[in-house]
Amino acid sequence: MSESTASRIETEVRRRRTFAIISHPDAGKTTLTEKLLLFSGAIQIAGSVKARKASRHATSDWMEIEKQRGISVASSVMQMEYRDCVINLLDTPGHQDFSEDTYRVLTAVDAALMVIDAANGVEPQTRRLLQVCRARNTPILTFVNKMDREVKDPLALMDEIEAELGMTVVPFTWPVGMGKQFHGVMDLRQQRMRVFAPGEDRAAGTEEVLEGLDNPAYAERFGMQYDQAKGEIELVREAAPEFNREEFLTGKQTPMFFGSAVNNFGVQEVLDALVELAPAPDSRVAMQRTVQPDEPKFTGVVFKIQANMDPAHRDRIAFLRVASGHFERGMRLKVVRSGKELRPNTVVSFLSQRRELLDEAFAGDIIGIPNHGVLQLGDTITEGEALQYTGLPFFAPEMFRAVEVADPLKTKQLRAGLTQLGEEGAIQVFRPIAGSVLLLGAVGQLQFEVVAHRLEHEYGCKARIMPSRFQVARWVTCDDPAELKRFIDANDHRMAYDAVDAPTVLVEYAPELRAIESNWPKIKFHALREHAGLVFQQRLDG
């Protein structure tokens, strides 16, 4: 590789910022995603997430059911340029029923932006997502949203975040007032106040800005709210630690911002901080070795598969995080799991459902490869090296349903639809060894509803989702293949295979599972599966 090529790869990698937006449902995550796109210049007008019957929907909510319900049920990917940085932004579902999709997305990012509803504070799903981030030492920025409503006291929110999430909070901005008396935020680093005015779809740089922390105009214009904020700021500046980049990068400290995403307020500061503070892509650990992002050879990992992003073309897109090197359209690539060769010519980058053909990509970028069953979740793709990236989780389902087609003539469509939805991880599909009725496994009830809706509207087959007697599932492995076969044969009435043909034991009650485990000491039972059954580990607590 020439020196100029090596230098270009290094420069491009340094420009990348890849992060996910995470939150509890209804904290305003998708709205904030829209406004980040607006402020970066990627879109000219933001859609309203809640306006279900409006003609404009959120750019990041492209699935029909999302537009009907006003919620996000699938992760979406957006790329934009801002201040000479290339930002790859992943919006995740907030609803806990889709937490698996979010967990997998978090394996593909270098930082996370946590959105907290200022009225509700830290909520259950926020805690769960934080556990995943902490397990990966993912740096986190915190945006406290909805300050234009009646909300919790900002000092109380700061204490709550520190206590609940176990992180030191460093305020970068501080609110002056709240609800109807919300006047704006003080930028503590730039020592100026950005004045709040309600209203949507204003671009960056159009708000009024007053300079200095002690500008006499503040007391005159904002009265009691400013006096209170001034006292809080003095307290915070004495009590809060200095921002420490090392602690931030290891997930021990979080910069905190206040604002109102629906009114485009406080978004600019968050966008600037993401560019300045979020890390560029770092090395990634494969089973064989540690891979550096500026290595000359391309490697990447599939962390998400989405069926029917364009229903007219029945397409399936594999979302791939570039881990190293320089991707060029048409280059020869190898799927390490299967040994198959790929020469992708129609690779795309995303602005949610809008796509652009891509000629090249670098470490940190998220690219979409049209996929017709060749790629699976967790696949590593290289220029030939036998590498396997790990860490893509599949959790044992907690709910089961049997599924059959209402019209027997549509059986083929049902199987095709469930195969594709199983591949993308929207639901887990199990084929029992005994019996012909397929089983669906999910973390939450809403997943079954979404699958039924998508089968009807995307695959043209109405499915009957029925109760199942099973309540617990565990993937099984054994160092002795003969012993594994004996176990499967002896338990064929409770065995099934999942989307990647990993053998799974299904039981009705936890005591039944404990009895099986004691009777088969050589068999290993797993509550978490990583890609294609290659690697197993204990399930994350909580």
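As the structure is a computational prediction, the values presented were derived from the model and not from experiment.
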Quiz item: Just by distance, do the side chain of Lys410 and the backbone of Gly460 share a donor-acceptor pair under 3.5 Å?
Solution: yes

Quiz item: If you round to the nearest 0.5 Å, how far is CE of Met114 from CD1 of Ile161?
Solution: 5.5 Å

Practice problem: State whether the side chain of His453 and the backbone N or O of Glu449 hold a donor-acceptor pair below 3.5 Å, judged by distance alone. | Solution: no

Exercise. Taking the side chain as every heavy atom from C-beta outward, state whether Val270 and Leu141 have any pair of such atoms under 4.5 Å apart.
Key: no

Practice problem: Mind listing the closest non-hydrogen atom pair of Gln388 and Gly378 along with its distance? | Solution: NE2-O, 3.4 Å

Self-check item: salt bridge (Lys or Arg N to Asp or Glu O under 4.0 Å) between Lys334 and Glu385, intermediate numbers included
Solution: CA-CA 8 Å; Lys334 177 185 172 185; Glu385 185 180 356; over 6 Å; no

Quiz item: Under 6.0 Å from the CZ atom of Arg329, do we count more than 12 heavy atoms belonging to anything else shown?
Solution: yes

Exercise. Report yes or no: does Thr504 contribute a side-chain atom to a donor-acceptor pair with the main-chain N or O of Ala502 at less than 3.5 Å?
Key: yes

Exercise. Let me see the working for Met167 and Ile140 under side chain to side chain contact (heavy atoms under 4.5 Å, CB included), right down to the final yes or no.
Key: CA-CA 10 Å; Met167 310 170 76; Ile140 294 159; 3.9 Å; yes

Self-check item: Leu36 vs Leu89, side chain to side chain contact (heavy atoms under 4.5 Å, CB included): CA-CA, chis, key distance, verdict
Solution: CA-CA 9 Å; Leu36 290 169; Leu89 185 163; 3.9 Å; yes

Practice problem: Flag the pair Ile516 / Ile523 as yes when at least one side-chain heavy-atom distance between them is below 4.5 Å, and no otherwise. | Solution: no

Practice problem: Could you check if a side-chain atom of Lys524 sits within less than 4.5 angstrom of a side-chain atom of Trp475, using non-hydrogen atoms only? | Solution: no

Quiz prompt | Interatomic distance, Ile367 atom CD1 to Leu320 atom CG [nearest 0.5 angstrom] | solution = 5.0 Å

Self-check item: Side-chain donor or acceptor of Glu512 paired with backbone N/O of Glu508 under 3.5 Å
Solution: yes

Quiz item: When rounded to the nearest 0.5 angstrom, what distance separates CG in Leu32 from CG in Asn264?
Solution: 10.0 Å

Quiz item: Do Arg16 and Asn88 have side-chain heavy atoms sitting under 4.5 Å apart?
Solution: yes

Quiz item: With a 3.5 Å cut-off and no angle check, do the side chains of Gln428 and Asp498 form a donor-acceptor pair?
Solution: no

Quiz item: Passes side-chain hydrogen bond (donor to acceptor under 3.5 Å, both in side chains), Thr299 versus Ser324? Steps please.
Solution: CA-CA 5 Å; Thr299 67; Ser324 70; 2.7 Å; yes

Self-check item: Sidechain-backbone polar pair: Arg343 side chain, Gly330 backbone, donor-acceptor under 3.5 Å
Solution: yes

Exercise. Begin with the C-alpha distance, continue with both residues' side-chain angles, and end with the deciding distance and a verdict on salt bridge (Lys or Arg N to Asp or Glu O under 4.0 Å) for Glu517 and Arg514.
Key: CA-CA 5 Å; Glu517 286 173 334; Arg514 287 195 288 273; over 6 Å; no

Quiz prompt | Donor-acceptor contact below 3.5 Å, side chain Glu456 vs main chain Ala463 | solution = no

Quiz item: Going by heavy atoms in the side chains, are Leu106 and Ile22 under 4.5 Å from each other?
Solution: yes

Quiz item: Is there a donor-acceptor pair closer than 3.5 Å between any side-chain N or O of Asp379 and the backbone N or O of Leu375?
Solution: no

Quiz item: Just checking, is any N or O donor in the side chain of Thr107 or Tyr389 under 3.5 Å from an acceptor N or O on the other one?
Solution: no

Self-check item: Side-chain heavy-atom pair Thr382, Phe298 within 4.5 angstrom cut-off
Solution: no

Quiz item: Looking only at side chains, do Asn263 and Asp148 share a donor and an acceptor under 3.5 Å apart?
Solution: yes

Quiz item: Any sub-3.5 Å donor-acceptor pair from Arg17's side-chain atoms to Ala278's backbone N or O?
Solution: yes

Quiz item: Atom SG of Cys478 and atom NZ of Lys485: how far apart are they, to the nearest 0.5 Å?
Solution: 13.5 Å

Quiz prompt | Approximate separation, where rounding is to 0.5 Å, of Leu90 CG and Leu113 CG | solution = 12.0 Å

Quiz item: Is a donor on one side and an acceptor on the other found under 3.5 Å between the side chain of Lys35 and the backbone of Val262?
Solution: yes

Quiz item: Any side-chain heavy atom of Val429 sitting closer than 4.5 Å to one from Thr419?
Solution: no

Quiz item: Any donor-acceptor pair under 3.5 Å linking the side chain of Asn145 with the backbone of Ala261?
Solution: yes

Quiz item: With sequence neighbours left out, which residue pairs that include part of residues 493-522 fulfil the ring-ring contact (aromatic ring centres under 6.0 Å, His included) condition?
Solution: Phe487-Trp520

Quiz item: Any side-chain heavy atom of Thr138 within less than 4.5 Å of one from Phe19?
Solution: no

Practice problem: Take Glu341 and Arg332, measure what salt bridge (Lys or Arg N to Asp or Glu O under 4.0 Å) needs, and give me the verdict at the end. | Solution: CA-CA 7 Å; Glu341 188 179 275; Arg332 287 178 184 273; 2.9 Å; yes

